[in-house]
Protein chains: 2
Amino acid sequence: MSNIEQSEPGITPPLRSLLSAMLFEALPDSARRQLRDHAPVQSFTDGQLIHQRGTAPDGFCLIEEGTVSVGQFLASGEFRSVALLGPGDSYGELAILSRRPRIVDSLARGPARVRFIGGALFERVLASDPAAMRALLGAMAAQLQETLDLLAGIRSGTTLARAAGLLGNLAGGGHQPRTVTITQQEIADLLGVTRATANAALARLEKNGLIARSYRAITVHEPARLRIRALE
Amino acid sequence: MSNIEQSEPGITPPLRSLLSAMLFEALPDSARRQLRDHAPVQSFTDGQLIHQRGTAPDGFCLIEEGTVSVGQFLASGEFRSVALLGPGDSYGELAILSRRPRIVDSLARGPARVRFIGGALFERVLASDPAAMRALLGAMAAQLQETLDLLAGIRSGTTLARAAGLLGNLAGGGHQPRTVTITQQEIADLLGVTRATANAALARLEKNGLIARSYRAITVHEPARLRIRALE
DNA sequence: TTCGGATTGTTCGATATTTGACATTCCTGT
DNA sequence: ACAGGAATGTCAAATATCGAACAATCCGAA
């Protein structure tokens, strides 16, 4: 599992699980064990390319050690990261399931060890365990719902309204205060605005008593209220 | 099937299949027949609410006749539509699969007849047909890939770059010219900008020879080139 | 405790977008 | 052929955001 703050109630995980479909963890223990036991581990050096976007998928990856950055190379050669994944995290399952090319590049960030789970093995395990397949269906459906919700919430409106919707969403939309662990840069990236603009919007939401800003975290006093605010 | 222009090669469908997860059609014929045969049909009058966002799912819908608008009510009471679905279209499968509340409201637009496929029946059919479940997994994985790609492409950058990325994406990213059936207002909605801004971006892309504008359609001369353009 | 890197807070001129409006074109039904 | 509604093209003042920079705060490692 990645560095998710789970020791404290009310703290929600950061975004990496939303933007990078980590489906491996939705599988039952037995399926996970089976996949892991038959999969070879490879080592990568800092900056080494693991997989390229557009390539045909022959397997997916489970990170054993180190950090892998998942994202996309820009025309300028720069790498735009969507997620930073660590030990226990997985990526690349979607391409296997959809039988379509990979949509992301992946790079080692520092030395990394990555376990490759072959597509054929994955299909065999799924075929022999309908409960595993159903669990995967459920996890993917939930993620698709969240992604569509996120898409709907950030598409248009003033930055202020969009920030309200995003935070209400990330804080789970309920009526209890929730603290979201996220940097303002990440919020800015999600909304597609500059950090300065995101900061200004957050400052206004805080001034209105809807949120409290702290270092690398935002406390949402009433997530449902923020969602409503976003729809105005 | 909804009003998709399939008679002409190079014409891609509009967005409704992307923004509304119509998974029913990914099922094998036998599974579809089985679901349809046991499902009751209900009639709705113009403007009648069919389902409300946030409600627990007991089934999903297959449109028999008429038009259903799927989207979300704003705080002002206005309805923001995400998709307009017609005969043969389905919606609401995600909530069943994820076992989470519905994320959309749905309204009849004119008189409509809708077939309700119960969640329990759906689960039974899936459990008895692993091929159907695998097909659904694949369709959902593909859709999640597309949605994540869309999200990645529209999140930040100038409107011009984002429009380029979106069109490159919608046109399939290949090297052959493709015509995308879409209004400029729909492009604007997707990008979260006004129609005037979308039109200005499109005009510039056309001036640069990358696209050709026509009524309710955009021809993308080389989709792969537009995608690259978006990443600059 | 100190240091260094990351993150946040803020500012302001430059640039982009919105808004509201009007004109023109397109398409479909009668 | 005509009418009406939808879609597109365009414009300019008002408003929002970007970009670059600097200062302040936070946190983890030594």
Side-chain angles (χ1 to χ4, degrees), chain A residues 3 5 7-8 11 14-15 67 69 76 78 81 84 86 109-110 154-164 166-167 179-208 211-219 230 232, chain B residues 3 5 7-8 11 14-15 67 69 76 78 81 84 86 109-110 154-164 166-167 179-208 211-219 230 232:
Chain A
N3 304 333
E5 327 293 336
S7 51
E8 230 180 303
I11 306 287
L15 293 179
T67 303
S69 182
S76 57
E78 189 194 329
S81 174
L84 266 186
R109 290 296 183 199
I154 68 171
R155 276 202 285 127
S156 64
T158 59
T159 300
L160 184 65
R162 291 162 65 214
L166 178 67
L167 290 169
T179 297
V180 185
T181 302
I182 189 169
T183 65
Q184 292 187 11
Q185 185 60 61
E186 282 174 326
I187 292 172
D189 288 342
L190 267 180
L191 294 173
V193 298
T194 60
R195 180 182 64 75
T197 300
N199 178 272
L202 294 174
R204 281 183 65 187
L205 290 173
E206 184 172 69
K207 186 174 173 164
N208 292 342
I211 65 168
R213 286 177 296 172
S214 49
Y215 190 73
R216 297 182 63 99
I218 304 282
T219 297
E232 287 172 348
Chain B
N3 304 334
E5 327 293 337
S7 51
E8 230 180 306
I11 305 289
L15 293 180
T67 305
S69 183
S76 58
E78 189 193 329
S81 176
L84 266 186
R109 289 296 182 201
I154 68 171
R155 276 203 285 127
S156 65
T158 60
T159 301
L160 185 65
R162 292 162 62 214
L166 178 67
L167 289 169
T179 298
V180 185
T181 302
I182 189 169
T183 65
Q184 293 187 12
Q185 184 60 60
E186 282 174 326
I187 292 173
D189 289 342
L190 267 180
L191 294 173
V193 298
T194 61
R195 180 183 61 77
T197 300
N199 178 273
L202 294 173
R204 279 182 66 187
L205 290 173
E206 185 173 65
K207 185 171 175 164
N208 292 343
I211 66 168
R213 288 177 295 173
S214 49
Y215 190 73
R216 298 182 65 97
I218 304 283
T219 298
E232 287 171 350

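Letters go in sequence order (proteins before strands), and every chain restarts at 1. All values below were derived from every heavy atom in this structure, side-chain atoms included, with hydrogens, water molecules and symmetry-related copies excluded.
Taking CG of Leu160(A) as the start and CG of Leu191(A) as the end, the distance is 10.5 Å to the nearest 0.5 Å. Here the straight-line distance linking atom CZ of Arg162(B) with atom CG of Leu190(B) works out to 10.0 Å at 0.5 Å rounding. Ile182(B) contributes atom CD1, which lies 9.0 Å from atom CG of Asp189(B) (distance to the nearest 0.5 angstrom).
Scored by the side-chain contact (heavy atoms from CB on, under 4.5 Å) test, Arg213(B) finds Gln184(B), Asn199(B), Leu202(B), Ala203(B), Glu206(B), Ile211(B), Ile218(B) as partners (sequence neighbours excluded). Annotation: side-chain hydrogen bond (donor to acceptor under 3.5 Å, both in side chains) contacts of Thr219(B) (sequence neighbours excluded): Thr179(B). Applying the salt bridge (charged side-chain N to carboxylate O under 4.0 Å, His left out) rule to Arg204(A) yields no partners; only residues at least two apart in sequence or on another chain are considered. Under the rule for a side-chain hydrogen bond (donor to acceptor under 3.5 Å, both in side chains), Thr67(A) has no partner lying at least two apart in sequence or in another chain.
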Task: Under 4.0 Å protein heavy-atom contact, by nucleotide of nucleotides 13-30 of chain C - B base, S sugar-phosphate only - done: ----SBB-B----BS---

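Separating the CD1 atom of Ile182(A) from the C1' atom of dA6(C) is a distance of 16 Å, rounded to the nearest angstrom. Atom CG in Asn199(A) sits about 6 Å away from atom C1' in dG9(C), given to the nearest Å. Atom CD of Gln185(A) and atom P of dA6(C) are 13 Å apart (whole Å).
The overall bend of the helix from dT1(C)-dA30(D) to dT30(C)-dA1(D), read as the angle between its terminal helix axes built from five base pairs each, is 60° when rounded to 10 degrees.
Nearest heavy atoms, Ala201(A) versus Thr159(A): CB-CG2, 4.1 Å.
Along DNA chain D, read 5' to 3', the first and last nucleotides having any atom under 4.0 Å from a heavy atom of chain A are dT17(D) to dC27(D).
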